[in-house]
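All figures in this text were calculated on a predicted structure; none of them were measured in a lab.
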Amino acid sequence: GSGGSGGSGGNYSSNTNYNSDLSKIVIKVKNENFSDALVDLEKYVYENPNDANGWNFIGFVSRNLKNFDDSERYYAVGLEINPNHVGILEYQGELYVETNRLDMAEENLKKLNDLCNFNCNERNKLRNLISSVNE
């Protein structure tokens with residue numbers, strides 16, 4: 001790996017602020033090519049262990065492949081790197097909903113509420129998912 005990555009740009013720029021290797025993998029994820037993306041992501045997080053975005057995507061892909069235990073572990077690592085990663089907080093919350101732990105999903109929603117100053121996509125998606133389950 002080539003050392004230090006620059007300063008931490010604003011936490012909210014969750015749009016494609018990814019390094020080029022990750023951007024290529026994200027295309028596979030968006031095309032729902034999950035098993036392929038998983039192989040790439042396993043290599044990516046091994047080579048870039050401090051990139052919370054990598055852990056976010058490998059968690060997301062694992063969750064879509066129904067590997068909930070793996071997914072949960074990956075999200076946890078990502079949040080150790082960046083406890084305020086709104087993408088991980090949303091996806092981890094969705095994982096909690098899928099695995100019937102609504103109370104924990106609500107905790108994530110609270111965190112997202114605190115982090116969101118404006119109209120926050122991640123917060124809104126998780127809030128909608130929780131309320132759809134609560135109906």
When every non-hydrogen atom of Lys28 is compared with those of Asp40, the smallest separation belongs to NZ-OD2, 2.7 Å
Would you check, one step at a time, whether the test side chain to side chain donor-acceptor pair (under 3.5 Å) holds for Glu42 with Tyr46? CA-CA 6 Å; Glu42 282 169 347; Tyr46 178 77; over 6 Å; no
Do Val29 and Val39 share a hydrophobic cluster (ILVMFWY, side-chain heavy atoms under 4.5 Å, transitive)? no
Under a 4.5 Å side-chain heavy-atom rule over Ile, Leu, Val, Met, Phe, Trp and Tyr, are Leu95 and Val77 clustered together? yes
For Val97 and Ala105 the tightest heavy-atom approach is CG2-CB, 3.6 Å
Under a 3.5 Å distance rule, please check whether Ser62 uses its side chain to pair with a backbone N or O of Ser71 as donor and acceptor. no
Looking only at heavy atoms, what is the nearest atom pair of Tyr75 and Asn56, with distance? CE2-O, 3.5 Å
Distance in Å, Asp114 CG paired with Arg123 CZ, rounded so as to fall on 0.5 Å steps: 10.5 Å
Spacing of CG belonging to Leu112 relative to CG belonging to Asn121, to within rounding of 0.5 Å: 11.0 Å
Are any side-chain N or O atoms of Asn19 and backbone N or O atoms of Asp21, one a donor and one an acceptor, separated by less than 3.5 Å? yes
Aromatic ring proximity Phe57/Tyr74, centre distance under 6.0 Å: no
N/O donor-acceptor pair under 3.5 Å between Asn48 side chain and Asp51 backbone: no
Could you tell me whether the side chain of Asn64 and the main chain of Phe60 form a donor-acceptor pair under 3.5 Å? yes
Under a 4.0 Å N-O cut-off, is there an ion pair linking Asp70 with Arg73? yes
What one should report as the nearest heavy-atom pair of Ile88 and Ala52 is CD1-O, 3.8 Å
Under 3.5 Å, side chain of Asn124 to main-chain N/O of Cys120, donor-acceptor pair present? yes
Under 3.5 Å donor-acceptor, Ser131 side chain and Arg127 backbone: yes
Please answer whether the main-chain N or O of Asn50 pairs with a side-chain N or O of Trp55 as donor and acceptor at a distance below 3.5 Å. no
Could you state whether Leu129 and Tyr96 fall into the same hydrophobic cluster, counting links through intermediate Ile, Leu, Val, Met, Phe, Trp or Tyr residues with side-chain heavy atoms under 4.5 angstrom apart? no
Could you tell me which non-hydrogen atom of Val133 sits nearest to which non-hydrogen atom of Leu102, and how far apart they are? CG1-CD1, 3.8 Å
Got a salt bridge between Glu47 and Lys43, using NZ or NE/NH1/NH2 to carboxylate O under 4.0 Å? yes
Report yes if some heavy atom in the side chain of Lys66 is under 4.5 Å from a heavy atom in the side chain of Glu98; otherwise report no. yes
Test of understanding: clusters of I, L, V, M, F, W, Y form through side-chain heavy atoms closer than 4.5 Å, transitively. Do Tyr91 and Tyr18 belong to the same one? yes
Any salt bridge linking Arg63 with Glu94? Criterion: basic side-chain nitrogen under 4.0 Å from a carboxylate oxygen. yes
Please find the pair of heavy atoms, one from Leu89 and one from Leu115, that lie closest to each other, and give the distance. CD1-CD1, 3.5 Å
Hydrophobic cluster membership, with links at side-chain heavy-atom distances under 4.5 Å among I/L/V/M/F/W/Y: are Val26 and Val45 in one? yes
So CG of Asp36 and CD1 of Ile25: to nearest 0.5 Å the spacing works out to 10.5 Å
With a 4.0 Å cut-off on N to O distance, would you call Glu106 and Arg101 a salt bridge? no
Considering residues, nucleotides and ligands other than Asp69, do more than 12 of their heavy atoms fall under 6.0 Å from its CG? no
